[in-house]
Protein chains: 2
Amino acid sequence: MPIGTSPALLKELDELVYVRRRLKSGITLYHTGSHCHSLYVVKTGFIKTENLHDDGRTQITGFYMAGEMFGFDGIADEAHMCTSVALEDSEVCIIPLERIENINPDLLRLQHHLYKLMSREIVRDHTMMMLLGSMHGEERLAAFMLNLSHRFHVRGYSPYHLVLRMKREEIGSYLGMKVETVSRIFTKIPGPGAVRCTSKRYYDS
Amino acid sequence: MPIGTSPALLKELDELVYVRRRLKSGITLYHTGSHCHSLYVVKTGFIKTENLHDDGRTQITGFYMAGEMFGFDGIADEAHMCTSVALEDSEVCIIPLERIENINPDLLRLQHHLYKLMSREIVRDHTMMMLLGSMHGEERLAAFMLNLSHRFHVRGYSPYHLVLRMKREEIGSYLGMKVETVSRIFTKIPGPGAVRCTSKRYYDS
DNA sequence: CGGCATCTTGAGTTGGGTCAATGGTCGTGG
DNA sequence: CCACGACCATTGACCCAACTCAAGATGCCG
């Protein structure tokens, strides 16, 4: 589920970066419907993207951590199709779309990387469709934790000791379950090493 | 959920097309894991893409009809991440990836179109995540039919009289429900005008 | 006409939703 | 420093939508 970027790519991307922006926890970066002029890369912190259904239901479509790129949904119609919110104090790099459109032909390789990143997002989404469409609660949560573990590991953090920056409700929204269900599974599944507390949410796997 | 292509774009895409390929109903175009060298556009017929879970469970991730492009998932790692199968006798255009990578700078607009198409696939996937994560059976089926209706309409067919080329089981796989549930909902929901038969599966909405 | 695949329908079970109560954590202000 | 309130997480009791299992029914094709 991650949208990884290789260090090399990150460096190249840096050249495209226009500005950075700091976001306090809970602040919205962009809203559904607003004009889309940029893509974003998480520099520090944690970002969620969510879709709002008319009747108030929401579905979280992604959690993004340092090094991961998001905002691809806005390219189609030049308007964001979801809302993105910081889960904790965060910093994002802003990459103006015009720079991508008028990209220097020399940077063709970068162009190609962008295709790959978008493709990876699509693969991730298909994985989520599989998860939502044919896995049980326990499996969903397990897959989610394993995925997080992997992403932390890649970034040099312990894959065994996860700090969940999102609330139970948000996990539920992402995995298509209610808070209570998430909570019950957390209680049931974990082996002896499990630790949990609110706000700073630790978890061993 | 459609990956629409404007007529203008289709024309430009034609220049990139290497060959076409006919597929008998039930034939697999590519398998998960096989090397990915192309994208595809449905010329006639109906194509499904599905993900295979280790334990035999499958999740259909998309249905594609005339004019819609698919195969974006293969770009990330140069290997297909799903399997695509013809639901009926079909014809697809094959667009070699190398042509896209070495695209003529004059066709920058085409480049841009490709980004849009991929972005649209991402938006579609997020819609599916919303559907799978927070809608009831009835709502899912309704959304599915409305979407199909819309896509047929765009292509000049009646939006009221749909010909479903996929089986109940496939609809179920796509929408995250079992065959029986799909069948029951079909029985329950439809107004008077509903017609159904096997193989040629008609449906009024 | 018979065989096979698909679809429908029924009966019973269950995973997860709903509602409601409890308890923990944190931030704020007296 | 402690009391209060807001927010979050957990837990229990109950319920229902969707799953499972098991027949039939229907349509397709050789």
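We use all heavy atoms of the structure for the numbers below, so side chains are in, but hydrogens, waters and symmetry mates are not. First the proteins, then the strands, lettered A, B, ... as listed; each starts at 1.
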Do the side chains of B/Asp89 and B/Lys24 get nearer than 4.5 Å, heavy atoms only?
yes
Check: A/Glu170 side chain, D/dC8 base, donor-acceptor under 3.5 Å: no
Here the distance between atom P of D/dT11 and atom CZ of A/Phe186, to the nearest Å, is 13 Å
The side-chain hydrogen bond (donor to acceptor under 3.5 Å, both in side chains) partners of A/Thr181 (sequence neighbours excluded) come to none
Here the distance between atom P of C/dT8 and atom CD1 of B/Ile185, to the nearest Å, is 12 Å
To the nearest angstrom, the CD1-C1' distance between A/Ile171 and D/dT10 comes to 14 Å
B/Arg168 atom CZ is separated from D/dC28 atom P, nearest whole Å, by 13 Å
side-chain hydrogen bond (donor to acceptor under 3.5 Å, both in side chains) filter on B/Glu138, not counting sequence neighbours, yields B/Lys188
By ring-ring contact (aromatic ring centres under 6.0 Å, His included), B/Phe46 pairs with (sequence neighbours left out) none
In a table with atom names and distances, give each donor-acceptor pair under 3.5 Å that connects a side chain of residues 47-56 of chain B to protein atoms at least two apart or in another chain.
{"from": "B/Lys48", "atom 1": "NZ", "to": "B/Glu170", "atom 2": "OE2", "distance (Å)": "2.9"}
{"from": "B/Thr49", "atom 1": "OG1", "to": "B/Thr61", "atom 2": "OG1", "distance (Å)": "2.9"}
{"from": "B/Thr49", "atom 1": "OG1", "to": "B/Gly62", "atom 2": "N", "distance (Å)": "3.3"}
{"from": "B/Asp55", "atom 1": "OD1", "to": "B/Arg57", "atom 2": "N", "distance (Å)": "3.3"}
{"from": "B/Asp55", "atom 1": "OD1", "to": "B/Arg57", "atom 2": "NE", "distance (Å)": "3.4"}
{"from": "B/Asp55", "atom 1": "OD2", "to": "B/Arg57", "atom 2": "NE", "distance (Å)": "3.0"}
{"from": "B/Asp55", "atom 1": "OD2", "to": "B/Arg57", "atom 2": "NH2", "distance (Å)": "2.8"}

To the nearest angstrom, the CG-P distance between B/Leu132 and D/dA18 comes to 13 Å
Would you say a side-chain N or O of A/Thr187 is under 4.0 Å from OP1 or OP2 of D/dT11?
-> yes
Per nearest nucleotide of DNA chain C, the residue lying toward the 5' end, A/Met135 or A/Glu180, is A/Met135
Base, sugar-phosphate alone, or nothing: which one does A/Gly172 contact when heavy atoms must sit under 4.0 Å apart?
-> nothing
Whole-Å distance, B/Lys178 NZ to C/dG15 P, equals 14 Å
Between CE of A/Met177 and P of C/dT18 the distance, given in whole Å, is 14 Å
By side chain to side chain contact (heavy atoms under 4.5 Å, CB included), A/Glu78 pairs with (sequence neighbours left out) A/His35, B/Lys116
Sorted by chain and number, sequence neighbours left out, side chain to side chain contact (heavy atoms under 4.5 Å, CB included) with B/Thr28 holds for B/His31, B/Thr83, B/Val85
Atom CD of A/Glu139 and atom C1' of C/dG15 are separated, to the nearest Å, by 12 Å
Strictly below 4.0 Å: does A/Thr181 bring a side-chain N or O up to OP1 or OP2 of C/dG16?
no
### Query
Should A/Tyr40 and A/Tyr30 be marked as a ring pair (Phe, Tyr, Trp, His ring centres under 6.0 Å) after you check the CA-CA gap, both sets of side-chain angles, and the distance that decides it?
CA-CA 11 Å; A/Tyr40 302 87; A/Tyr30 55 76; 5.5 Å; yes
Phosphate OP1/OP2 of D/dC8 contacted by A/Lys167 side-chain N/O (<4.0 Å)
yes
Handout entry: Atom CE of B/Met81 with >12 non-hydrogen neighbours under 6.0 angstrom
Key = no
5'-most contact on DNA chain D (nearest-nucleotide basis), A/Ser183 vs A/His136, goes to A/Ser183
Which atoms of nucleotides 11-14 of chain C (N or O only) lie under 3.5 Å from a protein N or O atom, and what are those distances?
{"from": "C/dA11", "atom 1": "N6", "to": "B/Arg184", "atom 2": "NH2", "distance (Å)": "3.4"}

Double-helix bend of the helix from C/dC1-D/dG30 to C/dG30-D/dC1, axes at both ends from 5 pairs, round to 10°, gives 40°
Exercise. Considering only heavy atoms and no angle criterion, is a donor-acceptor pair shorter than 3.5 Å present between the side chain of A/Glu169 and the base of D/dC7?
Worked result: no
Hits for side chain to side chain contact (heavy atoms under 4.5 Å, CB included) against A/Asp77, two or more places apart or cross-chain, chain-then-number order -> B/Arg120
